[in-house]
**Q** 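Would you mind keeping the following structure in view while I ask a few things?
Counting convention: from 1, in listed order, for ligands and their atoms alike.
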Amino acid sequence: MIIGGGAAGLTAALYLGRARRRVLVMDAGSPRNAPAAHMHGFLSRDGMAPGSFLAEGRRELRGYGVEIGEGRVDGVGRTGEDRFEVRLAEHPAVTARAVLVATGLRDELPDIAGLRERWGRDVVHCPYCHGWEVRDSPIAVLGGDNRPFSLHQAALIRQWSSDVVFFPDRIELDQGERERLAARGVRVVEGKVARVVVDEDRLRGVELADGRTIERSAVFVGPRFVPLDGLLRDLGCAVGENGWVVTDPSGRTSVDGVWAAGNVVDESAQAIRAAGAGATAGIALNHHLLARDIEHAVATR
Ligand SMILES: Cc1cc2nc3c(=O)[nH]c(=O)nc-3n(C[C@H](O)[C@H](O)[C@H](O)COP(=O)(O)OP(=O)(O)OC[C@H]3O[C@@H](n4cnc5c(N)ncnc54)[C@H](O)[C@@H]3O)c2cc1C
């Protein structure tokens, strides 16, 4: 059973389907990059629309007999050794011998008017995904709740444009941080950010509470990354000190028969890394099932 049909879940399904395992993928249909028109940095798929990428993946999977269902998984519980019951929101429950959770994460943006509406278009977070497209343009970096990420972003994005303004907003900068930003050529504009200004469906600038508007054509922001890991926590998977479910390098969680891959356990995985994690987990899951197949065959021989 694979829960979540983004890059991680579908790639795991590809490996397991080609290994002739019986696989069901259930997907709620909200991949993280859905607001973006194009996906970048995925070799041979650079610039592809996220929806087309997943549709093509699903088409490939069907060729190997993988079943794909649309809808949410509401819960997973162990019903015996090597048996899980998977409760589906809109369909009868199904049973599975092993489970891969690839449900991704949620990006929580700072509460600034206009950000959510422009998210994935001209309000973005990842320069490796979007930096090239906004190169050499006037860029804003907003301080948010994710302090280290925002400070790193401000310094990093200067690599794509010589015109970068950092709006610390709620972040108090110390002297060292100010010096580093100044040395890097990043201008700092203090003051509470009121909203991003949009005109004719284009981002025009950042408006401060005191009424000033600084013209910009793209905004980078550091979201808070919230893993959609409720199913893993309900299963009792161990959580690390950083508050994220822990896995071994193959994606195996602390609960026997339960794997996790992609953004649900790794906030920094871009699409190709999530896909890679899905491939690794798919192979590990197959080896897990093989070991159980052999145990069973020996016991019944
Ligand atoms: C705006 C934006 C732009 C991005 N652009 C790029 C880019 O250009 N290049 C790049 O490499 N990366 C990009 N990323 C990152 C990329 O989105 C992630 O790396 C990738 O989506 C991670 O894949 P995943 O399979 O882990 O999760 P997701 O793609 O988020 O897939 C998870 C799936 O699980 C489903 N799901 C969740 N809960 C349940 C449930 N209970 N039951 C059933 N299904 C469930 C969701 O609906 C979703 O379809 C971008 C991210 C954002 C926010």
**Q** Please state which protein non-hydrogen atom is closest to atom 44 (N) of ligand 1 and give its distance, to 0.1 Å?
**A** Ala28 N, 3.0 Å
**Q** Purely on distance, is any nitrogen or oxygen of Ala8 under 3.5 Å from one on ligand 1?
**A** yes
**Q** Out of Asp74, Leu105, Thr103, who is nearest to atom 38 (N) of ligand 1 when you count heavy atoms only?
**A** Thr103
**Q** Determine, for Arg58 against Asp27, whether the closest basic-nitrogen to carboxylate-oxygen distance falls under 4.0 angstrom.
**A** yes
**Q** What I want to know is whether Ser30 and ligand 1 share at least one N or O pair that is separated by under 3.5 angstrom.
**A**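 Indeed, backbone or side chain, Ser30 has an N or O that close.
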**Q** At what distance is the nearest protein heavy atom to atom 23 (O) of ligand 1, and which residue and atom is it?
**A** Ala274 CB, 3.6 Å
**Q** Is there a polar contact between ligand 1 and Gly71, counting only N or O atoms under 3.5 Å apart?
**A**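 For ligand 1, there is no N or O atom that lies under 3.5 Å from one belonging to Gly71.
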**Q** May I ask you to check if ligand 1 and Ala7 share an N or O to N or O distance below 3.5 Å?
**A** yes
**Q** Below 3.5 Å, N or O to N or O, backbone or side chain included: is there any such pair between Pro35 and ligand 1?
**A** no
**Q** For the aromatic rings, using the six-membered ring if either is Trp, is the centroid distance between Trp160 and Phe220 under 6.0 Å?
**A**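 For Trp160 and Phe220, the ring centres are not under 6.0 Å apart.
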**Q** To check your reading of the model: name the closest protein heavy atom to atom 27 (O) of ligand 1, its residue, and the distance in Å.
**A** Gly104 CA, 3.7 Å
**Q** Which residue owns the protein heavy atom closest to atom 18 (C) of ligand 1, what's the atom, and how far is it?
**A**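 Scanning the protein heavy atoms, the shortest distance from atom 18 (C) of ligand 1 goes to Asn263 OD1, 3.3 Å.
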**Q** For Asp107 and ligand 1, does the shortest N/O to N/O distance drop below 3.5 Å?
**A**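 The answer is no, given that Asp107 and ligand 1 share no N or O pair closer than 3.5 Å.
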**Q** Got a list of side-chain donor-acceptor pairs under 3.5 Å for residues 5-24, not counting sequence neighbours?
**A**
residue: Thr11; atom: OG1; partner: Ala7; partner atom: O; Å: 2.6
residue: Arg18; atom: NH1; partner: Tyr64; partner atom: OH; Å: 2.9
residue: Arg21; atom: NE; partner: Asn286; partner atom: OD1; Å: 2.6
residue: Arg21; atom: NH1; partner: Asp293; partner atom: OD2; Å: 3.0
residue: Arg21; atom: NH2; partner: Asn286; partner atom: OD1; Å: 3.3
residue: Arg21; atom: NH2; partner: Asp293; partner atom: OD2; Å: 3.1

**Q** Flag the pair Arg224 and Glu267 as a salt bridge only when some basic side-chain nitrogen lies within less than 4.0 angstrom of an acidic carboxylate oxygen.
**A**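 No, Arg224 and Glu267 are not salt-bridged.
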**Q** Give the numbers and elements of all ligand 1 atoms closer than 4.0 Å to a heavy atom of Asp27.
**A**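 Those of ligand 1 that fall under 4.0 Å from Asp27 are 33 (C), 34 (O), 35 (C), 44 (N), 46 (C), 47 (O), 48 (C), 49 (O).
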**Q** Is the closest N or O pair between Gly29 and ligand 1 shorter than 3.5 Å?
**A**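 The answer is yes, given that Gly29 and ligand 1 share an N or O pair closer than 3.5 Å.
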**Q** Show your reasoning for whether salt bridge (charged side-chain N to carboxylate O under 4.0 Å, His left out) applies to Glu108 and Arg116.
**A** CA-CA 9 Å; Glu108 275 188 6; Arg116 177 52 65 185; over 6 Å; no
**Q** Between Leu10, Val73, Ile3, which one has a non-hydrogen atom sitting closest to atom 41 (N) of ligand 1?
**A**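 Answer by nearest heavy atom: Val73.
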